Colleague: 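After the structure tokens below, expect a handful of questions from me.
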Amino acid sequence: MSDDISHPNPPQPGPARPFSGAERDAVYRAIHERRDVRGQFLPDPIPDEVLMRLLGAAHAAPSVGLMQPWNFIVIRSDAVRRDIRAAFDRANDEARAMFPPERQALYSQLKLQGITEAPVNLCITCDRTRGGAVVLGRTHDRDTDLYSTACAVQNLWLAARAEGIGVGWVSIIRDADLRAILNIPDHVVPVAYLCLGHVRELYDQPELQARGWAKRHPLEQMIFHESWAQD
Ligand SMILES: Cc1cc2c(cc1C)N(C[C@H](O)[C@H](O)[C@H](O)COP(=O)(O)O)c1[nH]c(=O)[nH]c(=O)c1N2
């Protein structure tokens, strides 16, 4: 059953305007040159209009049923960033201990956050109640609101690369600490805690790969045809 047929004046799509070669290259460049930034933040403030463009990119993300479940908690205060940093330090000690002993020395050498160096921190949250009890597209997978919020994070991350702003995602924090420090209510999930700031230098590959912690897999290994491939 569709009510489109009886719609007196159905909306019509406009032309799919093609990208020029340069525009297309710029999109791929942002994708491939985006990096997770931990140690290269400059102290220069991020102008409000730049931050608003980044938040506009996040807010333009796809979302299940157009739910737009996100909010953006903008954090500039030294006191809050110090509290978050302390929460990270506690969690990072726990995290290190979870790895096999032979990996712990290398883990200790990794810088995994730039919370106090980055002039802006941003917590992107997901309000699981937005849009009411039944949301189009979320009926059979409740977590699609969380996936939508991750799409917003990635939009911001790519736009930031184009703006010369580095972004670092910090997930080594206990959920309860984040909730307490930022006063986040129970029906809202903090999806991403991000550090933002200008950067002059970026790695040309994932820093975890450059430091010998992990390797990027070849694309060919990730593609299956018709069904999950057996080994
Ligand atoms: C959900 C999620 C959570 C985290 C990350 C990413 C994502 C997607 N990453 C960054 C991650 O290590 C990085 O993206 C990969 O190593 C690939 O590097 P590039 O992003 O290509 O530079 C990350 N990095 C870090 O130093 N501390 C962290 O807590 C996290 N947490």
Side-chain angles (χ1 to χ4, degrees), residues 27-41 54 57-58 61-62 69-70 72-73 75 81 83-99 103-118 120-126 143-179 181-182 184 188-219 221-222:
V27 171
Y28 283 112
R29 189 177 157 212
I31 290 170
H32 291 294
E33 294 186 12
R34 180 211 53 77
R35 287 276 79 84
D36 188 71
V37 175
R38 299 103 172 169
Q40 293 83 43
F41 289 114
L54 298 183
W70 43 72
F72 308 109
I73 308 178
I75 300 145
R81 285 182 302 149
D83 285 352
I84 295 282
R85 174 61 205 264
F88 167 86
D89 287 341
R90 289 193 295 274
N92 202 37
D93 287 342
E94 296 166 355
R96 185 184 309 106
M98 292 177 197
F99 289 95
R103 301 210 83 193
Q104 291 184 13
L106 179 53
Y107 186 95
S108 301
Q109 290 167 21
L110 300 172
K111 180 165 169 55
L112 298 173
Q113 54 72 38
I115 296 163
T116 50
E117 298 95 318
V120 174
N121 288 190
L122 181 68
C123 185
I124 304 191
T125 59
C126 175
D143 291 339
T144 43
D145 56 344
L146 298 171
Y147 309 152
S148 302
T149 306
C151 291
V153 175
Q154 180 69 348
N155 264 15
L156 179 138
W157 213 336
L158 293 173
R161 177 65 191 89
E163 297 276 9
I165 303 286
V167 174
W169 189 325
V170 185
S171 53
I172 307 165
I173 300 182
R174 285 177 170 235
D175 179 77
D177 283 345
L178 212 45
R179 289 177 179 283
I181 296 166
L182 300 180
I184 296 172
V188 173
V189 173
V191 169
Y193 193 88
L194 305 174
C195 303
L196 276 69
H198 289 276
V199 282
R200 203 177 295 121
E201 295 176 330
L202 287 175
Y203 286 89
D204 65 357
Q205 58 178 315
E207 189 178 345
L208 292 188
Q209 175 165 285
R211 294 185 183 280
W213 179 263
K215 278 204 180 77
R216 203 186 257 301
H217 303 299
L219 171 61
Q221 278 180 15
M222 315 310 260

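The model shown is predicted, which means the values in this text are computed figures rather than measured ones. Atoms within each ligand, like the ligands themselves, are counted from 1 in listed order.
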Colleague: Looking only at protein heavy atoms, identify the closest one to atom 25 (C) of ligand 1 and say how far it is in Å.
Modeller: L112 O, 3.4 Å

Colleague: Determine if the distance from atom 15 (C) of ligand 1 to the closest protein heavy atom is below 4.0 Å.
Modeller: no

Colleague: Closer than 4.0 Å to some heavy atom of I172 - which atoms of ligand 1 meet that?
Modeller: 29 (O)

Colleague: Do R38 and ligand 1 have an N or O pair less than 3.5 Å apart?
Modeller: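 Yes, R38 has an N/O under 3.5 Å of an N/O on ligand 1.
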
Colleague: Return the minimal non-hydrogen interatomic distance between A30 and R161, and the atom names on each side.
Modeller: O-CG, 3.9 Å

Colleague: Would you indicate which of W157, W169, F88 comes nearest to atom 9 (N) of ligand 1 when only heavy atoms are counted?
Modeller: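 Going through W157, W169, F88 one by one, W169 has the nearest heavy atom to atom 9 (N) of ligand 1.
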
Colleague: May I ask you to decide whether R96 forms a salt bridge with D93, counting only side-chain N to carboxylate O separations under 4.0 Å?
Modeller: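 Yes, R96 and D93 are salt-bridged.
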
Colleague: For Q205, is the CD atom crowded, meaning more than 12 foreign heavy atoms sit under 6.0 Å from it?
Modeller: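 Buried by this count: over 12 neighbours within 6.0 Å.
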
Colleague: R38 and D36: which non-hydrogen atoms are nearest, and at how many Å?
Modeller: NE-OD2, 2.8 Å

Colleague: Just jot down the ligand 1 atoms closer than 4.0 angstrom to any heavy atom of S171, in number order.
Modeller: 3 (C), 4 (C), 28 (C), 29 (O), 30 (C), 31 (N)

Colleague: In Å and rounded to the nearest 0.5 Å, what is the CG to CD1 distance from L122 to I75?
Modeller: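 Atom-to-atom, L122:CG and I75:CD1 are 7.0 Å apart.
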
Colleague: Can you name the one residue among E207, Q40, E117 that meets side-chain hydrogen bond (donor to acceptor under 3.5 Å, both in side chains) with K111?
Modeller: E117

Colleague: Any N/O of Q205 closer than 3.5 Å to an N/O of ligand 1?
Modeller: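 No, Q205 has no N/O under 3.5 Å of an N/O on ligand 1.
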
Colleague: Could you list which atoms of ligand 1 come closer than 4.0 Å to a heavy atom of V170?
Modeller: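 Listed by number with element, the hits are 28 (C), 29 (O).
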
Colleague: Test of understanding: given a 4.0 Å heavy-atom threshold, classify the contact between D36 and ligand 1 as side chain, backbone, both, or neither.
Modeller: both

Colleague: Where on R35 is there a heavy atom closer than 4.0 Å to ligand 1, on the side chain, on the backbone, on both, or on neither?
Modeller: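 Near ligand 1, R35 shows its backbone as well as its side chain.
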
Colleague: Report the nearest protein non-hydrogen atom to atom 20 (O) of ligand 1: residue, atom name, distance rounded to 0.1 Å.
Modeller: R34 NH1, 2.8 Å

Colleague: For P206, counting its heavy atoms only, list the atoms of ligand 1 lying under 4.0 Å from any of them.
Modeller: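 This gives 17 (C), 18 (O), 21 (O), 22 (O) as the contact atoms.
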
Colleague: Would you mind listing which atoms of ligand 1 come within a distance below 4.0 Å of any non-hydrogen atom of L208?
Modeller: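 By the 4.0 Å cutoff, the relevant atoms are 12 (O), 16 (O).
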
Colleague: If the condition is ring-ring contact (aromatic ring centres under 6.0 Å, His included), which residues does Y203 pass it with, not counting sequence neighbours?
Modeller: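 By the ring-ring contact (aromatic ring centres under 6.0 Å, His included) rule, Y203 matches no residue at all.
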
Colleague: Hey, could you give me the OG1/CD1 distance between T116 and I84, rounded to the nearest 0.5 Å?
Modeller: 11.5 Å

Colleague: Atom CG of L112 and atom CD of Q109: how far apart are they, to the nearest 0.5 Å?
Modeller: 11.5 Å

